[in-house]
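Structure, as structure tokens:
Predicted model only: the values in this text are computed from it and were never measured. Throughout, a chain's letter reflects where its sequence line sits, starting with A, and its residues are numbered from 1.
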2 protein chains.
Amino acid sequence: MAKRVSHRDSMCGVARPLDAIGDWWSLLIVRDAFDGLRRFGEFQKSLGLAKNILSARLRNLLAHGIMETVPASDGSPYQEYVLTEKGRSLFPLLVALRQWGEDFFFEPDEAHVLLVDRKNGLPVRRLELRAQDGRVVGAEDTMVWLPPASPE
Amino acid sequence: MAKRVSHRDSMCGVARPLDAIGDWWSLLIVRDAFDGLRRFGEFQKSLGLAKNILSARLRNLLAHGIMETVPASDGSPYQEYVLTEKGRSLFPLLVALRQWGEDFFFEPDEAHVLLVDRKNGLPVRRLELRAQDGRVVGAEDTMVWLPPASPE
DNA sequence: TCAGGAGGTTTTAATTTGAAACCATCGTGT
DNA sequence: ACACGATGGTTTCAAATTAAAACCTCCTGA
């Protein structure tokens, strides 16, 4: 799980998160958690993965503070797995993944679920990156910049 | 690479893309491609991964139409790897990953690169999901909905 | 012509994954 | 009290994946 990171990536804002959610299953677990799943068995049935793998993934998500266990909610003696604030902050990433998937992984006539506004049932807008002044910007319009170190 | 997908995920807009970019390295390669890297050796040096793995990952990205090879650009007899339109469409996802990483994987006083507007050097805004009417919506405000099948 | 560098592939070992079996705890019925 | 199933895991072991290193090929420059 803990992969070695190259010199160049040791400080990279893209590489670090991948240690937490960079495998196939973790993001699917998080997505299911957004859908309201909370119990070990629910995740296992929904995703169809081996129990030991689910166990390992949940442990990793807990260790990274993306999910946490809570005692119970319906009186049953078991614990439940719920997203933390850090985990809920993955929502835009999940939406980005979903929108990309919808654009490129379905045939034009193939049915698929849509993410819609609960208020009125209309599809949500496309995610857009905007500059401070509100312009929509693409990759060509941006660059990464390392601020100079502060004096001390 | 090609993982089995459970019944539930066979049509899921989140699971399908993960087959293409759901491993640790692929997204880092794509990020480097956004940064202008094009050559096999450049990727290898930047990421520090084994050559056979890079080879396999590039092959997978090519097979999924995320990158493509172009004959040359500087006269050298080799090919270069560049993002396709599909690959460039990963930009919002990469930004979402980066923003999440910056929020949760750096100490408050730890320096890290910022994504800034080329025009004026100001940091870009945070990615936000908006409904049709322009409201910013979170996970709680949305749901997935499967449109009814069309008659034929 | 020979030394290297770029761009890979092959080989082999270590790590990870996955399926199945196993185990522990709780609740229920009898 | 006891059997039994459901839930929530852990252990075991085989199979697949990954990683490191060695190797190969083509091209270039001295």
Side-chain angles (χ1 to χ4, degrees), chain A residues 1-10 15 18-29 32-33 36-64 67-82, chain B residues 1-10 15 18-29 32-33 36-64 67-82:
Chain A
M1 186 64 55
K3 306 259 183 160
R4 196 175 53 78
V5 211
S6 80
H7 59 294
R8 182 174 166 187
D9 289 320
S10 53
L18 289 175
D19 188 46
I21 53 159
D23 70 285
W24 215 78
W25 292 114
S26 295
L27 266 186
L28 291 177
I29 294 171
D32 274 358
L37 272 54
R38 306 166 67 94
R39 298 281 284 260
F40 188 95
E42 290 179 313
F43 291 113
Q44 207 227 327
K45 187 144 74 79
S46 164
L47 298 172
L49 81 173
K51 297 206 288 181
N52 52 348
I53 303 298
L54 176 57
S55 183
R57 290 294 171 276
L58 286 172
R59 237 194 320 269
N60 190 46
L61 291 171
L62 295 176
H64 278 94
M67 304 188 81
E68 62 188 342
T69 52
V70 298
S73 72
D74 64 339
S76 58
Y78 305 113
Q79 56 187 354
E80 302 185 339
Y81 299 86
V82 299
Chain B
M1 187 64 55
K3 306 258 181 160
R4 197 176 51 79
V5 212
S6 80
H7 59 293
R8 182 172 166 189
D9 289 321
S10 53
L18 289 176
D19 188 46
I21 53 158
D23 69 286
W24 215 78
W25 293 113
S26 295
L27 267 185
L28 290 176
I29 293 171
D32 275 356
L37 272 54
R38 304 165 68 95
R39 298 283 283 259
F40 187 94
E42 289 179 314
F43 291 113
Q44 207 227 328
K45 188 145 75 80
S46 164
L47 298 172
L49 81 174
K51 297 206 288 182
N52 53 348
I53 303 298
L54 176 58
S55 184
R57 288 295 170 277
L58 285 172
R59 235 191 323 267
N60 190 47
L61 290 170
L62 294 175
H64 278 95
M67 302 188 82
E68 63 189 343
T69 52
V70 299
S73 71
D74 63 339
S76 58
Y78 305 114
Q79 57 188 353
E80 301 185 341
Y81 298 87
V82 300

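- Distances were taken from every side-chain heavy atom of A:Arg59 (C-beta onward) to each of D:dC26, D:dT18, D:dT10; the shortest belongs to D:dT10.
- A sub-4.0 Å separation between OP1 or OP2 of D:dG8 and a side-chain N or O of A:Arg39 is present.
- Atom CG in B:Asp23 sits about 16 Å away from atom C1' in C:dT15, given to the nearest Å.
- Distances were taken from every side-chain heavy atom of A:Tyr78 (C-beta onward) to each of C:dA21, D:dT7, C:dT9; the shortest belongs to D:dT7.
- With rounding to whole Å, A:Lys45 atom NZ is found 12 Å from D:dG8 atom P.
- Note on B:Gln79: a side-chain N or O is less than 4.0 Å away from OP1 or OP2 of C:dG8.
- If you measure from atom CG of A:Asp19 to atom P of C:dT16, you get 12 Å, rounded to the nearest angstrom.
- Contact check, B:Trp24 against D:dT18: no side-chain N or O comes under 4.0 Å of OP1 or OP2.
- For the pair A:Glu80 CD and D:dT7 P, the computed distance is 13 Å after rounding to whole Å.
- Taking every side-chain heavy atom of A:Ser55 into account, D:dG9 is the closest of C:dT9, D:dG9, D:dA20.
- The side chain of A:Ile53 lies closest to C:dT17 when the candidates are C:dT17, D:dT10, D:dT7.
- Ring geometry, B:Phe43 versus B:Tyr81: the interplanar angle exceeds 60°, so the pair is classed perpendicular (tilted spans 30 to 60°).
- Here B:Asp74 does not pair with B:Arg38 in a salt bridge; the nearest charged N to carboxylate O distance is not below 4.0 Å.
- The separation between B:Gln44 atom CD and D:dA19 atom P is 13 Å, rounded to whole Å.
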Check step by step if side-chain contact (heavy atoms from CB on, under 4.5 Å) holds for B:Asp19 and B:His64. CA-CA 9 Å; B:Asp19 188 46; B:His64 278 95; 3.7 Å; yes

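- Between A:Leu54 and A:Ile29 there is a side-chain heavy-atom pair separated by less than 4.5 Å.
- Two residues are said to be in side-chain contact when any heavy atoms from C-beta on lie closer than 4.5 Å; B:Glu42 and B:Asp32 fail this criterion.
- Comparing D:dT12, C:dT10, D:dG8 against the side chain of A:Asn52 picks out D:dT12 as the nearest.
- Candidate nucleotides C:dG7, C:dT17, D:dA19 were compared by shortest atom distance to the side chain of B:Phe40, and C:dG7 ranks first.
- Distances from the side chain of A:Pro77 to the nucleotides C:dG7, C:dG27, C:dG18 place C:dG27 closest.
- The side chain of B:Tyr81 contributes an N or O atom lying less than 4.0 Å from OP1 or OP2 of C:dG8.
- For the pair B:Leu37 CG and C:dG7 C1', the interatomic distance rounds to 15 Å; values are reported in whole Å.
- In terms of position along DNA chain C, the nucleotide closest to B:Ser76 lies nearer the 5' end than the nucleotide closest to the other residue of the pair B:Ser76 and A:Ala50.
- At whole-Å resolution of the value, CG in B:Asp74 and C1' in C:dA6 are 12 Å apart.
- The NZ-P distance, from B:Lys51 to D:dA20, rounds to 13 Å in whole Å.
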